[in-house]
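Some notes on the structure that comes next.
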Amino acid sequence: MAKAKTVFFCKECGYESSKWLGQCPGCKSWDVFVEEPIVKRSSSGLGKRELKEPELLSSVKSETESRISSGISELDRVLGGGIVPGSLVLVGGDPGIGKSTLLLQTCREIVNKAIKVLYITGEESKGQIKMRADRLGAFSGELLLLCETNLDLIEDVVNKHKPEIVVIDSIQTMYKEDISSAPGSVGQVREATGALMRMAKSTGITIFIIGHVTKEGMVAGPRVLEHMVDTVLYFEGDNYASYRVLRAVKNRFGSTNEIGVFEMQGSGLVEVKNPSEYMLNGRPEGEPGSVVSASIEGTRPILVEVQALISHTNFNMPRRTAAGTDYNRVNLLMAVLEKRLGIQLGDCDAYVNVAGGMRVTEPALDLAIVTAILSSFRNITIGSKTIMFGEVGLTGEIRAVNMADQRVVEAAKMGFETCILPQANKGKLKTPEGIKLVGVKNIGEVLQYIKENR
Ligand code: TYD
Ligand code: MG
């Protein structure tokens, strides 16, 4: 018998190669190639090709978007205003983060509007889903439930029952019969997603696909799927914090970087309508090293607290950590402080933390990081009604940031009375009521200001 032919796939990006490679030429990651048997395509269907004529763009009717609201406004926002019929949405995230819970809750809201929804699970039994549904509260509509992992059978069920929305939990458990590799392997995941895509596009059914992201263990990360689906949402959160952030990283029907904030409670996920309030909860007042800043997530301003602790080190190598922000950026900002203000941080341990578990890497946080470090180092408290944002350049200059007006408005809304911001931004702003704007040009001016207003 002839030896079965195999090919090698990169499990990160799906790059295909006839032999094993140490490094993927596509995505440059190491040790990511897995062996898969070659998929035989049936030759039936060939020869039946029809000639298709290209159409003029001007004569193509634009599709009117009739979105279905998911009933969860944070999810609608991330999707760009609701569910687009016929779209393929991937919801990725670590195991246990709450993907099944989020989609079951979405199903509940949608069936309440008398829309037919089919929830297909390959991971849990019907009894387990029922238990989770009971935790979430009453369903007033009827949800169709199916425990199945064979995609060919699933297609038959979908064709028979014609739901408007289908949830696949999870893509790693699904398989197509004509492919010999195991469920969860790159080949299966690719083919299964391809089949689901054809189903969505030909029938106009919206399909939500749940995909696990694990660094190790899972053969195929959903990275392979990202190219194929319309929308990619990532559900992320801190293992120690109860809040969860839903983030769009790809969206053919809306803007990306929009986020939705949820909190995991005993009875499911609860929307957090005012993330700023949530993030600033429990903030210490009148303590050195704590500074509030305004960051932008998508189109939404969120206020976060930056904390710094600078203490004398007992070792040759000072320790530096940055939680919730970019480590290299913090080191750079400390170098700027040393050089421009002559502050000796070389023999100090420095710990910088964005409180609340949120991860913010935008440069607008620079000013708050610098000020928090200064505040902890010099033991100066920053007024609890003071907020600041701005990018710090290498010469210590404070550079303008985008969407300054939204940040200032959010700060005023949350009751802050002073806002320190780049001078270049200040000139173009209308001052909202109740907040004083202080424009600064360099970190020297910031130090001067906080010394005078301690
Ligand atoms: P789950 O949706 O099963 O995660 P995933 O599908 O992403 O793997 O939810 C996992 C966690 O959420 C689980 O550890 C229990 C917790 N949870 C709650 O805290 N409250 C709830 O109401 C529910 C349903 C789950
Ligand atoms: Mg699950």
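Both counts, for ligands and for their atoms, begin at 1 and track the order of listing. Side chains are part of it too, since the values below use all heavy atoms of this structure and drop only hydrogens, waters and symmetry mates.
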NZ or CZ of Arg407 within 45° of Phe389 ring axis and under 6.0 Å: yes
Say whether, by atom type as modelled, one donor and one acceptor occur between the side chain of Asn251 and the main chain of Leu79 under 3.5 angstrom. yes
Are the side chain of Lys99 and the backbone N or O of Asp94 linked by a donor-acceptor pair below 3.5 Å? yes
With a 3.5 Å distance limit and no angle check, can you tell me whether Thr381 reaches the backbone of Gly286 through a side-chain donor-acceptor pair? no
For a quick check under 3.5 Å, do Asp169 and Thr121 share a side-chain donor-acceptor pair by atom type? no
Short N or O contacts of ligand 1 with protein, under 3.5 Å, listed by atom name?
unit_1	atom_1	unit_2	atom_2	d
ligand 1	2 (O)	Ser100	N	3.3
ligand 1	2 (O)	Thr101	N	2.8
ligand 1	2 (O)	Thr101	OG1	2.5
ligand 1	3 (O)	Arg132	NH2	2.6
ligand 1	4 (O)	Gly98	N	3.2
ligand 1	6 (O)	Ser100	N	2.9
ligand 1	6 (O)	Ser100	OG	2.5
ligand 1	7 (O)	Ile97	N	3.4
ligand 1	7 (O)	Gly98	N	3.0
ligand 1	7 (O)	Lys99	N	2.8
ligand 1	7 (O)	Lys99	NZ	2.9
ligand 1	8 (O)	Gly96	N	2.7
ligand 1	9 (O)	Thr101	OG1	3.4
ligand 1	20 (N)	Arg135	NH2	3.2
ligand 1	20 (N)	Gln265	O	2.7
ligand 1	22 (O)	Gly266	O	3.0
ligand 1	22 (O)	Gly268	N	2.6

How about the Mg ion (ligand 2), which protein N, O or S atoms come within less than 2.8 Å? Ser100 OG
Between Arg244 (side chain) and Val261 (backbone), is there a donor-acceptor pair under 3.5 Å? no
Mind checking whether Ile310 and Asp349 have side chains closer than 4.5 Å, heavy atoms only? no
Would you say the side chain of Phe262 lies within less than 4.5 Å of the side chain of Leu246, judging by non-hydrogen atoms? yes
Does the Gln265 side chain pair with the main chain of Ser267, one donor and one acceptor, at a distance under 3.5 Å? no
